[in-house]
Amino acid sequence: MSVNMPPSHPFDFDAVATGGNDDKLHEECGIYGVIGVSDAANFVALGLHALQHRGREAGGIVSHHPEKGFNSARRFGYVRDNFTRASLMETLPGPLAIGHVRYSTAGAKGPTQIRDVQPFFGEFSMGGAAIAHNGNITNADALRRELIERGSIFQSGSDSECIIHLMARSLQRSIPDRMEDALRRVEGAFSVVAMTRDELIGVRDPLGVRPLVLGQIADGWVLSSETCALDIIGARFIREVAPGEMVVITSQGVESHFPFRPARPRFCIFEHVYFSRPDSILGGRSVYETRRQIGVELAREAPVEADLVCPVPDSGTPAAIGYAHESGIPFSMGIIRNQYVGRTFIEPTEQIRNMGVRLKLNVNRALVKDKRVILVDDSVVRGTTSRKIREMILDAGAAEVHFRIASPPTQWPCFYGVDTPQREKLIVATMSEEEICAYMGADSLRFISLDGLYRAVGEAGGRDPSCPQYCDACFSGDYPVAPSDQIENGFRLKAAGKAAE
Ligand code: SF4
């Protein structure tokens with residue numbers, strides 16, 4: 001086992017420049033696995049690099065070699081700063097490897113500890129196994145209490161470690177069977193990539209909340225959170241792992257099982273809006289095209305007279321293109337993003353900290369002066385960044401600023417693997433749309449409706465309120481899996497029968 005030390009207060013310009021980590025929702029993990037190629041860990045490192053947007057605090061890789069056994073490395077920081085060094089990659093030999101990138105997980109808020117960095121490893125009577133989990137176990141507190149009472153000794157603060165301990169308690173004779181046993185006890189959202197000495201295993205929860213795809217490279221196979229991470233190694237996209245499916249991949253090929261009670265899928269609709277990379281394919285749809293279509297819907301729902309449509313870069317760009325196309329108002333890069341701002345780990349002076357969003361975004365003055373500007377952003381969580389951006393645009397001489405937001409108001413926390421502030425800190429949970437508009441100092445503010453978002457992801461009839469086609473709990477408060485730990489801690493669900501807003 002090879003570990004590095006926590007960075008001594010790495011300064012994250014991206015976080016400061018977006019008003020702190022709380023002003024955007026963050027996907028908490030990306031997972032990846034490869035079997036059947038020599039030096040699989042190198043492929044995993046490339047895949048994790050392509051998934052870095054899903055978690056950039058830390059990453060880890062476990063590999064297996066027939067003679068050298070299991071090896072692992074876990075590191076703080078970006079994949080490219082760690083898993084590109086030959087001296088490290090040589091310690092991860094073999095044709096089978098899995099990996100994980102993480103933001104801070106629900107089980108371990110606060111500073112990341114190296115013991116929380118996945119994959120987790122367990123030694124069982126039939127051999128070792130490593131697992132990497134994307135999602136969040138909503139009954140993890142209850143499971144942890146039960147497991148500790150029965151003698152389990154936890155190594156980390158992560159909810160995902162419960163899976164290893166549940167596997168250890170199972171009486172099944174194979175690791176895939178033990179995983180099935182363990183995951184049947186788990187509630188919430190999980191996409192899991194796991195490995196034994198000679199198997200690569202992928203599982204999605206029955207609702208398929210988090211993504212997982214299967215690819216092929218020469219005689220080998222790949223599991224990945226997103227298709228963009230297949231492209232980087234030249235793997236061919238085969239299909240999505242289905243909700244509730246377990247695939248067990250060996251040198252003989254792919255075996256598929258459906259160990260859970262069938263349920264109607266509720267994929268995370270926010271993956272389409274924000275989390276996934278625009279060059280990925282989700283549910284057979286291009287993420288870029290869906291985001292462009294969100295802009296089209298937004299222009300139909302919330303037109304306004306203006307001179308320019310500008311994206312808040314980068315994630316607002318496809319929706320701004322769609323809005324401009326539908327409205328006929330010219331698209332313009334009125335705000336330019338400094339691509340390198342998040343890459344410097346230095347301790348800044350207070351004066352530099354106070355520059356905030358200006359470190360990351362700059363207004364293209366020549367374009368916006370005297371113009372009525374429509375700013376298209378992907379989401380508003382606390383509103384602090386939007387407020388600063390509006391100030392910068394007006395300072396640059398714009399005549400009016402109209403916000404158009406490519407997601408419905410984020411009113412509820414996510415308990416399925418996305419880092420959201422407490423409900424009281426979500427601006428739309430505490431203010432009306434008019435109040436937010438006034439707080440942001442904008443000339444107008446409109447969010448896309450939930451039905452408009454559903455139409456953009458291909459549901460022509462909009463959201464089916466009796467049986468929603470996606471998880472949209474952070475917008476609607478309609479949680480497809482009751483967050484039992486949270487309820488026990490006092491979280492109050494929306495009153496039954498109240499329509500999604
Ligand atoms: S609550 Fe929101 S972010 Fe979380 S899984 Fe559901 S749609 Fe996605």
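This is a predicted model, so every value here is computed, not measured. Both ligands and their constituent atoms are indexed starting at 1 by order of listing.
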Between Arg115 and Ser156, does the side-chain hydrogen bond (donor to acceptor under 3.5 Å, both in side chains) criterion hold? Intermediate values first, please. CA-CA 5 Å; Arg115 63 197 177 131; Ser156 76; over 6 Å; no
Do the side-chain N and O atoms of [X] and [Y] include a donor-acceptor pair separated by under 3.5 angstrom?
| X | Y | answer |
| --- | --- | --- |
| Ser449 | Asp451 | no |
| Gln486 | Thr138 | no |
| Arg404 | Ser444 | yes |
| Gln155 | His165 | no |

Would you kindly specify which portion of Arg210 sits under 4.0 Å from ligand 1, judged on non-hydrogen atoms: side chain, backbone, both or neither?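 Within the 4.0 Å criterion, Arg210 contacts ligand 1 through side-chain atoms alone.
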Does the ring center of Phe331 lie less than 6.0 Å from the ring center of His325?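 No, the ring of Phe331 stays outside the 6.0 Å limit from the ring of His325, centre to centre.
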Atom 4 (Fe) of ligand 1: protein N, O or S atoms [distance under 2.8 Å]: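 Short answer, with waters excluded from the count: Cys414 SG.
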